Amino acid sequence: MWPGNQWIGIRGSRPRGVFANRARPTIAALRDAGVPSAAGGRGVSESKGTSGAGIEHGSEHESIKRLLAREGAGGEAVVRGWLRTVRHGKGVSFLDVSDGSCLAGLQVVANPETEGFEPVVRGLATGCALEARGSLVDSPGQGQRYELHATSVVLVGDAGEGYPLQKKRHSFEFLRTIAHLRPRTNTIGAVLRVRNAAAMAIHDFFQREEFLYLHTPIVTASDAEGAGEMFRVTTLPELDPPRDESGAVDYREDFFGRPTFLTVSGQLEAEIGALALSRVYTFGPTFRAENSNTARHLAEFWMIEPEAAFLDLAGLAALAERFLKSVFRDVLERCEEDMAFFEKRVESQAIVRMRKVIDEPFERIPYREAIAILERSGEAFEFPVRFGLDLQSEHERWLTEQHVGRPVVVTDWPASIKAFYMYRNDDEETVAAMDVLVGGVGEIIGGSQREHRLEILERTIRAQGLDPEHYWWYLDLRRYGSVPHAGFGLGFERIVQFMTGMANIRDVIPFPRTPGQAEF
RNA sequence: UCCCCGGUAGCUCAGCUGGUAGAGCAGGCGGCUGUUAACCGCCUUGUCGCAGGUUCGAGUCCUGCCCGGGGAGCCA
């Protein structure tokens, strides 16, 4: 965050000296030494012919996913990837090669006829990068449709000693300490493919519904809704920053001439977009400097926030329902193999839960009614149920799992526990807010119709001890062509968690940031 | 931030009421096999998180700190 960006160095707590025991040769050094560069990839011209091993980078190449999707066996094939395991027999070696294009790897079969058999294949170890050429044939073995009978195997990048990933189950906790290698595991690889598919499904949905993708700012001067601690962005010197008359740090001297932060929400800006373009959505990084250490929180996460003009709470709930159904349906369809893996190995209910959201109509229950239902449920809840109190996770889950048995939208919450920008209902006591509850996790989406009436919004801002001056442009939107509008927000990682059944949110983002952790 | 649990070989862990460490996997060597978490035999590997303390003696007990996990709060 500081401008000088001095290199901090590697702390003592750094996990398992992955680089500690050997110098890292540069790409250039490797090239000089005649070693083909796996990472070179500047294009065909540079790598063509330079590889002593005969590898042509940048040439057309079929992923394992495509190879496995071939209509039938027969024909030449090239596999490029990383070795998961190797099994050596007397006159035969079996290499499980994976390239991340799909969960399955391809079994490469090598024998003494294979070029590179003695010098390369017999010395292969888990983790090395290789290229194998040969013919794709029907596999006589169990567990795979095709295999590659190799005519040649070339070592592209050796794995050296101490490669931490083994052909056995590792704890997610351990994998987090090697986040630079964990995408090579089945589970994290599957997570990242599902994550990718989900992101694309989200864009598809909104584009289909004529929402514009709006890029809201990362750096902001406004503390959107008082939503927790924010990260400060500054270029002032760490030591001896400029001071004002009162001795406080003088942010007039700072880069933006005022205190600035990383965004905690793009909602207020999304409203600007909605009141011009009718329907917009944001999908970007969001930051919270809360010291929360749980399986459901990150300091840096991705949030999705649609906002639409001429939309009321009922319309918003309908949008949220279409959204979840569409995204889940797409992911199940596009990630069949990965989802089957999660169901089998990670969370047996993963697909069932998604199906429930896709197939069942969502129930709508006003908060007031939800409280009444909970009160007469006879359940011994740990936390109290009373009008004016927020619903706890146990309440949410009982409502959706036990009482209704399908997703529930709880609407019209007490104003006292909701944010200033929510539309004040006629009863003066509640606001047009909603929470979408689903089985297994509870709240997955929160949103509201926004207060579009200037006087009421100003009054609420003051009542909550906020300064209307700070919201001048937000209030301007209510002065000039204000219309009813509504939007919701959801954490991207939370729905990836829901879909995959992964227990810890740190395992559904490639590079998790949590208090005390920003390695990688 | 609070509560609970944990930090022992590269990884996953065992080590009871204190007597200076062990298994499986990985790795090395050999064997065997169209194998697929392959199998069989032999072998190597530890500042027992860090710093103090109690004790003849501490992985084991005590204190502090660091780190991780689970739960809570906050939330997405």
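Here the structure is a predicted model, which is why all the values come from computation and not from measurement. Naming convention: chains lettered A, B, ... in sequence-line order (proteins, then strands); numbering from 1 in each chain. Atom set for the values below is all heavy atoms of this structure, side chains included, hydrogens, waters and symmetry mates excluded.
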With a 4.0 Å cut-off on N to O distance, would you call A:E321 and A:R364 a salt bridge? yes
With side chains defined as the heavy atoms from C-beta onward, is the minimum distance between A:M499 and A:L332 less than 4.5 Å? no
Between B:U12 and B:G69, how far apart are the P atoms? Round to whole Å, please. 13 Å
Distance in angstrom units between A:R182 CZ and B:G10 C1', rounded: 19 Å
Which nucleotide, if any, forms a Watson-Crick or G-U wobble pair with B:C2, using both distances under 3.5 Å? B:G71
Suppose we define a pair by two distances each less than 3.5 Å, Watson-Crick or G-U wobble; what does B:U55 pair with here? none
Can you list the residues that meet the side-chain contact (heavy atoms from CB on, under 4.5 Å) rule with A:S377, with sequence neighbours excluded? A:E379, A:F381, A:W398
Pairing partner (Watson-Crick or G-U wobble, both distances under 3.5 angstrom) of B:G27: B:C43
Judged by atom type as modelled, is there a donor-acceptor pair below 3.5 Å linking the side chain of A:T126 to the main-chain atoms of A:R84? yes
I want to confirm an ordering. Mapping A:V109 and A:N291 to their closest nucleotides on RNA chain B, which one lands closer to the 5' end? A:N291
Distance between the P atoms of B:U63 and B:C4, in whole angstroms? 13 Å
Measure from the side chain of A:S171, starting at C-beta and using heavy atoms only, and say which of B:G73, B:U12, B:U36 lies closest. B:U12
Between A:R66 and A:D99, does any side-chain N to carboxylate O distance fall below 4.0 Å? no
Does the pair A:R450/A:E307 count as a salt bridge with the N-to-O cut at 4.0 Å? yes
A:R506 to A:F172, cation-pi by 6.0 Å centre distance and 45° axis angle: no
Could you tell me whether A:E115 atom CD has more than 12 heavy atoms of other residues or ligands within 6.0 Å of it? no
Nucleotide B:G68, atom C1' - distance to CD of A:E519 in whole Å: 15 Å
Please determine, for B:C65, whether a Watson-Crick or G-U wobble partner exists with both distances under 3.5 Å, and give it or none. B:G49
Under 3.5 Å: donor-acceptor pair, side chain of A:S101, backbone of A:K65: yes
Atom-pair distance (CD on A:E443; P on B:C75), nearest Å: 10 Å
Which nucleotide, in any strand shown, forms a Watson-Crick or G-U wobble pair with B:A21, with both distances under 3.5 Å? none
A:Q517 side-chain N/O to B:G68 phosphate OP1/OP2 under 4.0 Å: yes
How far does the C1' atom of B:A38 sit from the matching atom of B:G34, given to the nearest Å? 11 Å
For the side chain of A:R87, counting heavy atoms from C-beta on, which of B:G34, B:A38, B:U1 is nearest? B:A38
Does the distance from a Lys or Arg side-chain N to an Asp or Glu carboxylate O, for A:R424 and A:E451, drop under 4.0 Å? no
State whether the number of non-hydrogen atoms from other residues, nucleotides or ligands found under 6.0 Å of A:R122 atom CZ is greater than 12. yes
Rounded to whole Å, please give me the gap between NE2 in A:H170 and C1' in B:A37. 11 Å
In whole Å, measure the gap between the P atoms of B:G53 and B:U1 for me. 29 Å
Nearest of B:A72, B:U12, B:G69 to any side-chain atom of A:T294? B:A72
Answer with yes or no whether A:E173 presents, from its side chain, a donor or acceptor under 3.5 Å of a partner atom in the base of B:G70. no
In whole angstrom, give me the gap between the P atoms of B:C67 and B:G46. 28 Å
Against the side chain of A:R506, the closest entry in B:C32, B:G68, B:U12 is B:G68
Regarding the side chain of A:D96, the nearest nucleotide among B:C11, B:G34, B:U36 is B:U36
With a 3.5 angstrom cut-off on both distances, give the Watson-Crick or G-U wobble partner of B:A37, or none if there isn't one. none
Nearest-angstrom distance, C1' atom, B:C66 to B:C25: 29 Å
Distance-minimising heavy-atom pair for A:W413 and A:V410: NE1-O, 2.9 Å
Got a list of protein N/O to nucleotides 22-25 of chain B N/O distances below 3.5 Å?
{"residue": "B:G24", "atom": "N2", "partner": "A:K168", "partner atom": "NZ", "Å": "3.4"}

Interatomic distance where NE2 belongs to A:H297 and C1' belongs to B:A72 [whole Å]: 11 Å
Please classify the nucleic acid contact of A:I304 as base, sugar-phosphate, or nothing, using heavy-atom distances under 4.0 Å. nothing
Rounded to whole Å, please give me the gap between CG in A:L175 and C1' in B:G68. 14 Å
Quote, to the nearest angstrom, the C1' distance that separates B:C62 from B:G10. 33 Å
Just say parallel, tilted or perpendicular for the rings of A:F211 and A:F206, cut-offs at 30° and 60°. tilted
Looking at B:U35, does its base get a donor-acceptor pair with the side chain of A:Q107 below 3.5 Å? yes
Per A:N504 side chain, nearest of listed nucleotides B:G70, B:U12, B:G73: B:G70
Base, sugar-phosphate, or nothing for A:F172, non-hydrogen atoms under 4.0 angstrom? nothing
Base, sugar-phosphate alone, or nothing: which one does A:E493 contact when heavy atoms must sit under 4.0 Å apart? nothing
Please report, rounded to the nearest Å, how far the P atom of B:G49 is from the CZ atom of A:F174. 18 Å
Counting any heavy atom closer than 4.0 Å, what does A:Q392 reach on the DNA or RNA strands: base, sugar-phosphate only, or nothing? sugar-phosphate
Using the C1' atom as the point on both nucleotides, what is the distance between B:A23 and B:G15, in whole Å? 11 Å
For atom CG of A:L124 and atom P of B:G28, their distance in whole Å: 12 Å
Interface polar pairs with nucleotides 39-48 of chain B, N/O, under 3.5 angstrom:
none

